[in-house]
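In what follows, every chain begins at residue 1, and chains take the letters A, B, ... in the order their sequences are listed.
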Protein chains: 2
Amino acid sequence: MSSTYHHGDLYRQALEQAQALLHEEGAAAVTLRALARRLRVTAPALYRHFRNRDSLLAALAEHGFLELRQQLLAVQRDDALERLTGIGQAYIAFAQAQPNLYRLMFGGQLLPRGAHPDLDAAGLGAFAVLQQSIDDALDAGYLNGQPAGPLTAAAWSLVHGFAELTIDGHLPDEQQAPGLAALVTRLLLPGGPPSHHDNTL
Amino acid sequence: MSSTYHHGDLYRQALEQAQALLHEEGAAAVTLRALARRLRVTAPALYRHFRNRDSLLAALAEHGFLELRQQLLAVQRDDALERLTGIGQAYIAFAQAQPNLYRLMFGGQLLPRGAHPDLDAAGLGAFAVLQQSIDDALDAGYLNGQPAGPLTAAAWSLVHGFAELTIDGHLPDEQQAPGLAALVTRLLLPGGPPSHHDNTL
DNA sequence: GCGCAATGTTAACGCCGTTAACACGACATC
DNA sequence: GATGTCGTGTTAACGGCGTTAACATTGCGC
């Protein structure tokens, strides 16, 4: 009399174990059958909760974007420019702490856009934090009043690129020093009204 | 009497067809069996030329890095700073022209580093072009004499990040205007001796 | 207490990477 | 020219995968 024929909350546990699998072994290891084995359930059972494997991966990526957004929102500084650089560093820290998750979020496996609307929305939500903090910095007179659009694109490109290159080991070792992330996030920002942040390297 | 029991140059044709498959349908579609079907050959035949599927993908990525290097080397400008921005734009153009190849090169499927030495070497070869052009710009008095290491990391991060974000559709549409690539590649560079390149947006 | 909907299992399909055993044929050696 | 060897192809088979259809069990509303 297996008292757990009905598992109870397979959906939640599946997400948790899938996150563990992703974190430990990468997206390729997030297999419906492997996940089912971990949960002591047969593979087709998972189809009651996920349309297919891609939907499961999309759900993981979506959670990743939601978590990233929260970590960016948690950066609080008085000065708008300091907050912007802090956000950049938090972004990089997120990617370095969970490289497999980050690769799933940006690896391009879940394309095309529109296939997973919730995922797209979560991605925009994270992007919005960065965008807002740039607007705030501009309002505070920083960034030489450059147009917000290209600035945002450049800022995101910089942190995203640095995050990916470091977690994939593409940058030479000496350029992976812990402090470099901070340095890089400041290179883009050639000053503004208060001068307590020169690019004094 | 199939006159082509011995195929002749299966290795070269396999690489070509694999490139086509990759370009048209992405890395997931580059399957040994699908490739064998295209070549009118059985799947195990490919194991005479590639250790396994990963080696095939690594060979494709390696060719990508070699081609990228050539395209960067082909950028010739008199002014060192102009050449640097030209290289950034050529880099982005490469990624946008062959998104599936670019994702394979940087998607992190071929890790860990050291698993495919030829691939690692080719990657470093492409990186070296960028590094050299930054050294040249510094020698010409540009970039405010900032340290070369972080500068290189930041420059590569910027172009790599922008390339990936655009080919994956993460940037809002208005920020994908053709000219934006040029703009972004200049944001990083706050001038130098000659002033014919302000950040006049 | 009954019935239905939710949620699990079993069995099976085709595709995949990979390996072992075998077959063909070009090319060197005698 | 016969012969043997080695490179390169085929055949057959294994297990793992995503996925589906059919069936089984259970909890919950009436």
Would you tabulate the nitrogen or oxygen pairs shorter than 3.5 Å linking the protein to nucleotides 13-17 of chain C?
from, atom 1, to, atom 2, distance (Å)
C:dC16, OP1, B:R37, NH2, 3.3
C:dC16, OP2, B:R37, NH1, 3.1
C:dC16, OP2, B:R37, NH2, 3.4
C:dC16, O3', B:T31, OG1, 3.3
C:dG17, OP1, B:T31, OG1, 3.4
C:dG17, OP1, B:L32, N, 3.0
C:dG17, OP1, B:R53, NE, 3.4
C:dG17, OP2, B:L32, N, 3.2
C:dG17, OP2, B:R33, N, 3.2
C:dG17, N7, B:R33, NH1, 2.4
C:dG17, O6, B:R33, NH1, 2.9

In whole Å, I'd like the distance from the [atom1] atom of [X] to the [atom2] atom of [N].
X	N	atom1	atom2	result
B:R40	D:dT10	CZ	C1'	16 Å
A:Y11	C:dA6	OH	C1'	16 Å
A:Q13	C:dT7	CD	C1'	14 Å
A:L56	D:dC17	CG	C1'	14 Å
B:D9	D:dG9	CG	C1'	14 Å
B:L46	C:dT19	CG	C1'	14 Å
A:L39	C:dT7	CG	C1'	14 Å

### Task
Would you please say whether a donor-acceptor pair under 3.5 Å links the side chains of A:D136 and A:Q132?
yes

### Task
Classify the ring geometry between A:Y102 and A:H160 as parallel (under 30°), tilted (30 to 60°) or perpendicular (over 60°).
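The rings of A:Y102 and A:H160 sit tilted, inter-plane angle from 30° to 60°.
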
### Query
Where does the angle between the aromatic ring planes of A:F106 and A:Y91 fall among parallel (under 30°), tilted (30 to 60°) and perpendicular (over 60°)?
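Ring orientation, 0 to 90° scale: tilted.
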
### Task
Kindly point out which of C:dT10, C:dT18, D:dA22 is positioned nearest to the side chain of A:R48?
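Given the options C:dT10, C:dT18, D:dA22, the side chain of A:R48 is closest to D:dA22.
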
### Task
Compare side-chain N and O positions of B:H49 against OP1 and OP2 of D:dG7 and report whether any pair is under 4.0 Å apart.
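It does not, given that no N or O in the side chain of B:H49 lies less than 4.0 Å from OP1 or OP2 of D:dG7.
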
### Task
Kindly write out the residues that satisfy side chain to side chain donor-acceptor pair (under 3.5 Å) with B:E25, not counting sequence neighbours, or none if the list is empty.
none

### Task
Write down the atom of A:A90, the atom of A:V75, and the distance for their closest heavy-atom approach.
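So the minimum-distance heavy-atom pair works out to CB-CG2, 3.7 Å.
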
#### Entry: B:F65 and B:F127 aromatic centres sub-6.0 Å
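Between B:F65 and B:F127, the centre distance exceeds or equals 6.0 Å.
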
